[in-house]
Student: 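The structure under discussion is supplied below as structure tokens; questions concerning it will follow.
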Amino acid sequence: MQEITAKQFQDQKLMDQGAFKIAINAKKILGIEYALQIYDFTREELENEKLNR
């Protein structure tokens, strides 16, 4: 397993948060089923609009 630096961890977290915002918008416009197919977030995360990572 490769270790990551604190900066890499923070960068990944920021990218996840950005993708999550886009997924929430997709859910609102196109529906949760579509968002679940396209994005790697759980149904619970999209329904509650809260990232659990």
Side-chain angles (χ1 to χ4, degrees):
M1 179 181 230
Q2 181 182 0
E3 293 187 29
I4 63 171
T5 66
K7 178 163 179 14
Q8 290 170 322
F9 178 80
Q10 187 65 27
D11 289 347
Q12 184 61 50
K13 188 172 182 174
L14 288 171
M15 287 189 301
D16 287 347
Q17 289 171 343
F20 189 65
K21 287 179 183 180
I22 295 169
I24 293 299
N25 286 334
K27 177 195 88 162
K28 290 177 179 178
I29 294 168
L30 303 168
I32 194 166
E33 295 303 323
Y34 181 81
L36 285 168
Q37 290 175 4
I38 300 225
Y39 298 99
D40 187 31
F41 298 107
T42 66
R43 178 176 292 274
E44 180 183 356
E45 288 173 322
L46 291 176
E47 285 177 346
N48 296 329
E49 297 187 10
K50 183 175 181 215
L51 192 55
N52 295 328
R53 300 176 187 190

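Along the sequence shown, residues are numbered consecutively beginning with 1. Values reported hereafter were calculated over all heavy atoms of this structure, with side chains retained and with hydrogens, waters and symmetry mates removed. Computed from a prediction, not measured in an experiment: that's the story for all the values here.
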Student: Restricting to non-hydrogen atoms, name the atom on Q8 and the atom on E3 that form the minimum distance, rounded to 0.1 Å.
Tutor: OE1-O, 4.5 Å

Student: What is the minimum heavy-atom distance between A35 and A23, and which atoms define it?
Tutor: CB-O, 3.9 Å

Student: Sequence neighbours left out, what pairs pass salt bridge (Lys or Arg N to Asp or Glu O under 4.0 Å) with at least one residue falling in residues 12-22?
Tutor: none

Student: How long is the straight-line distance from CE of M15 back to CD of Q10, given to the nearest 0.5 Å?
Tutor: 11.0 Å

Student: If you take all heavy atoms of K27 and E47, which pair is closest and at what distance?
Tutor: NZ-O, 4.0 Å

Student: For L30, which fellow cluster members are found when Ile, Leu, Val, Met, Phe, Trp and Tyr are connected by side-chain heavy-atom distances below 4.5 angstrom, either directly or through intermediates?
Tutor: F20, I22, I24, I29, I32, Y34, L36, I38, Y39, F41, L46, L51

Student: Determine whether more than 12 heavy atoms belonging to other residues, nucleotides or ligands lie under 6.0 Å from atom CG of D40.
Tutor: no

